[in-house]
Number of protein chains: 2
Amino acid sequence: MAKPDKREEIVKASLELIAEQGFHGAPMAMIAERAGVGAGTIYRYFENKDVLITELYRELEERIFPAIQEGYAPDKPIREQFLHLSTGLLKYFIENSLDFRFIEQFHNSPYGVACRRDKLMGTKAGCDIFHDLFEYGISQQAMKDLPLVIIFALAFGPILAVARDHILGFIVLDEAMIARTVEACWDGVRR
Amino acid sequence: MAKPDKREEIVKASLELIAEQGFHGAPMAMIAERAGVGAGTIYRYFENKDVLITELYRELEERIFPAIQEGYAPDKPIREQFLHLSTGLLKYFIENSLDFRFIEQFHNSPYGVACRRDKLMGTKAGCDIFHDLFEYGISQQAMKDLPLVIIFALAFGPILAVARDHILGFIVLDEAMIARTVEACWDGVRR
DNA sequence: TAAAAAGGAATGAACATTCATTCCGTAAAT
DNA sequence: ATTTACGGAATGAATGTTCATTCCTTTTTA
């Protein structure tokens with residue numbers, strides 16, 4: 001239990017500190033302290049800080065995509081599917097604000113650009129569900145015939161912005177407001 | 001002419017370096033070098049790096065808002081006004097990608113949060129045109145009756161995402177595509 | 001008791017900022 | 001007209017701080 005335990009503590013401490021303070025409010029020494037380990041110990045589990053951060057991001061993705069697919073029914077109408085996935089994503093971010101904050105930091109950093117590129121080029125898995133849904137939606141004329149990148153922007157742009165506003169305390173999103181927001185996103189992409 | 005010249009060089013160098021490399025690819029020494037001044041000279045014009053960055057942001061805002069108001073006609077229908085302003089914003093970002101990249105960096109940093117807070121609280125000027133338009137649009141039942149923060153998210157979320165994708169080279173936005181994207185944003189906010 | 005793991009002080013690189021000095025244009029003095 | 005004095009602008013080497021990373025010692029495990 002000792003070994004995986006420490007690793008986990010380190011990852012958790014990194015997530016918290018980076019989410020709360022940004023990359024630069026999270027020096028290795030502080031991560032070590034919060035994780036309750038020595039500074040050198042981190043390097044037994046992660047080659048360097050970059051690897052730690054990249055690994056953390058990977059682990060978050062692995063949590064998120066299964067979570068939002070909960071109860072996903074690929075046979076329902078496109079609109080329903082869209083609402084289901086988008087609502088799931090927004091709720092996940094609201095309920096796991098540390099994850100959201102970290103991911104935002106990550107995307108707005110040198111790491112993030114390479115990652116985005118991989119994703120769009122299809123090199124990387126993860127957004128596949130959305131990717132497939134959008135392609136299907138367009139082919140069925142249920143959604144606007146725009147490049148996928150733009151559909152992604154129309155769908156996720158507002159979701160991320162709203163999640164940010166909620167987490168920063170600029171607004172309180174209850175069930176109803178979440179539903180109305182996601183509906184509005186659908187209005188943006190639907191034909 | 002000598003005095004404003006140096007200051008301007010410093011601001012320009014900062015914009016370029018921060019936009020291209022992020023805050024951390026822009027040490028003061030490098031800014032000084034690119035500006036063609038000594039490292040100490042920067043401190044004759046700006047108290048410290050924070051002040052330099054904040055000042056730079058302020059100057060950018062002063063350029064942007066007038067630019068997108070070009071030809072704005074407050075008597076046209078709400079839809080037209082929305083399309084005009086949003087198109088202007090998107091085009092500005094595409095044509096001034098350094099500005100866009102810097103602003104994104106800024107918003108995703110400790111500076112940015114305080115700034116957003118000020119904006120939403122109405123403490124800060126700038127978004128007034130949008131603010132007013134949205135409030136009017138809602139009151140006229142032309143736009144969805146959602147909190148302003150959410151309307152902002154629906155309108156600007158996609159615009160910023162699309163500008164980012166264009167600048168990173170994931171897509172090429174021509175006139176037609178810009179128009180279709182902005183129309184889609186309108187679909188998101190309109191009743 | 002040997003090997004693996006953990007610890008944390010020591011190291012050195014990167015950085016923002018400072019400050020003693022130089023430079024240069026203007027103006028007073030001769 | 002030439003020299004001298006002055007003051008603010010500019011400079012960049014020096015400083016002190018903050019980190020990521022290393023390395024050697026101590027502790028735990030097998």
Side-chain angles (χ1 to χ4, degrees), chain A residues 1-59 101-102 105-106 108-112 114-115, chain B residues 1-59 101-102 105-106 108-112 114-115:
Chain A
M1 194 200 244
K3 192 174 169 187
D5 211 35
K6 297 231 170 192
R7 201 196 120 102
E8 209 176 302
E9 285 304 316
I10 293 165
V11 169
K12 196 168 131 247
S14 305
L15 172 62
E16 289 173 12
L17 280 171
I18 294 172
E20 284 162 11
Q21 315 281 344
F23 284 113
H24 305 283
M28 292 300 255
M30 208 182 282
I31 291 173
E33 193 189 13
R34 181 173 299 208
V37 304
T41 306
I42 296 178
Y43 290 86
R44 295 202 51 77
Y45 295 92
F46 304 95
E47 197 189 327
N48 56 45
K49 198 177 185 181
D50 275 21
V51 168
L52 167 59
I53 287 168
T54 309
E55 182 61 21
L56 172 49
Y57 179 75
R58 223 183 43 70
E59 290 188 16
R101 298 251 291 257
F102 174 82
Q105 302 274 352
F106 186 86
N108 289 285
S109 75
Y111 311 110
C115 172
Chain B
M1 196 201 247
K3 192 172 169 187
D5 212 36
K6 296 229 171 193
R7 202 197 119 101
E8 208 176 302
E9 287 302 317
I10 293 166
V11 170
K12 196 168 130 246
S14 304
L15 172 62
E16 289 173 11
L17 281 171
I18 294 171
E20 284 160 13
Q21 316 280 344
F23 284 114
H24 305 283
M28 292 299 255
M30 207 182 284
I31 291 173
E33 193 189 13
R34 182 174 298 208
V37 305
T41 306
I42 296 177
Y43 291 86
R44 294 201 54 75
Y45 294 92
F46 305 94
E47 196 187 327
N48 55 45
K49 199 177 183 180
D50 276 19
V51 169
L52 166 59
I53 287 168
T54 308
E55 183 61 21
L56 173 49
Y57 180 76
R58 225 184 41 70
E59 290 190 15
R101 298 252 290 257
F102 173 83
Q105 303 274 353
F106 186 87
N108 290 286
S109 74
Y111 311 110
C115 171

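Labels below follow one simple rule: chain letters A, B, ... track the order of the sequence lines, proteins then strands, and each chain is numbered from 1.
Put simply, CD on B/Glu9 is 12 Å from P on D/dA10, counting in whole angstrom units. Put simply, CG on A/Asp5 is 15 Å from P on C/dA5, counting in whole angstrom units. If you measure from atom CD1 of B/Ile31 to atom C1' of C/dC15, you get 12 Å, rounded to the nearest angstrom. Distance CZ (B/Phe23) to C1' (C/dC15): 16 Å, rounded to an integer number of Å. Residue B/Phe46 contributes atom CZ, which lies 15 Å from atom C1' of D/dA10 at whole-angstrom precision. The OH atom of B/Tyr43 sits 13 Å away from the P atom of C/dC15 (whole-angstrom rounding). Rounded to whole Å, the distance from CG on B/Asp50 to P on C/dC15 is 17 Å. B/Glu33 places its CD atom 14 Å from the P atom of C/dA16, with the value rounded to the nearest Å.
Here B/Glu9 does not pair with B/Lys6 in a salt bridge; the nearest charged N to carboxylate O distance is not below 4.0 Å.
Shown here for A/Glu55 and A/Arg58, the closest heavy-atom pair between the two residues is OE2-NH2, 2.9 Å.
Taking 4.0 angstrom as the limit, A/Lys6 places a side-chain polar atom (N or O) nearer than this to OP1 or OP2 of C/dG7. Look at B/Tyr45 and you'll find a side-chain N or O under 4.0 angstrom from OP1 or OP2 of D/dA10.
Checking C/dT18, C/dA9, D/dA20 against the side-chain heavy atoms of A/Pro27 singles out D/dA20 as nearest. The side chain of A/Arg44 lies closest to C/dA5 when the candidates are D/dT11, C/dA5, C/dA9. Closest to the side chain of B/Met28, from the set C/dA16, D/dA9, C/dG7, is C/dA16.
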Carefully, step by step, assess B/Phe46 and B/Ile53 under the rule side chain to side chain contact (heavy atoms under 4.5 Å, CB included). CA-CA 9 Å; B/Phe46 305 94; B/Ile53 287 168; over 6 Å; no
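For A/Glu59, the CD atom counts as densely surrounded, since its 6.0 Å shell holds more than 12 non-hydrogen atoms of other residues, nucleotides or ligands.
With the nearest nucleotide of DNA chain D identified for both A/His24 and A/Ala39, A/His24 has the one nearer the 5' end.
Annotation: side chain of B/Asp50 is in contact with side chain of B/Tyr111 (closest heavy-atom distance under 4.5 Å).
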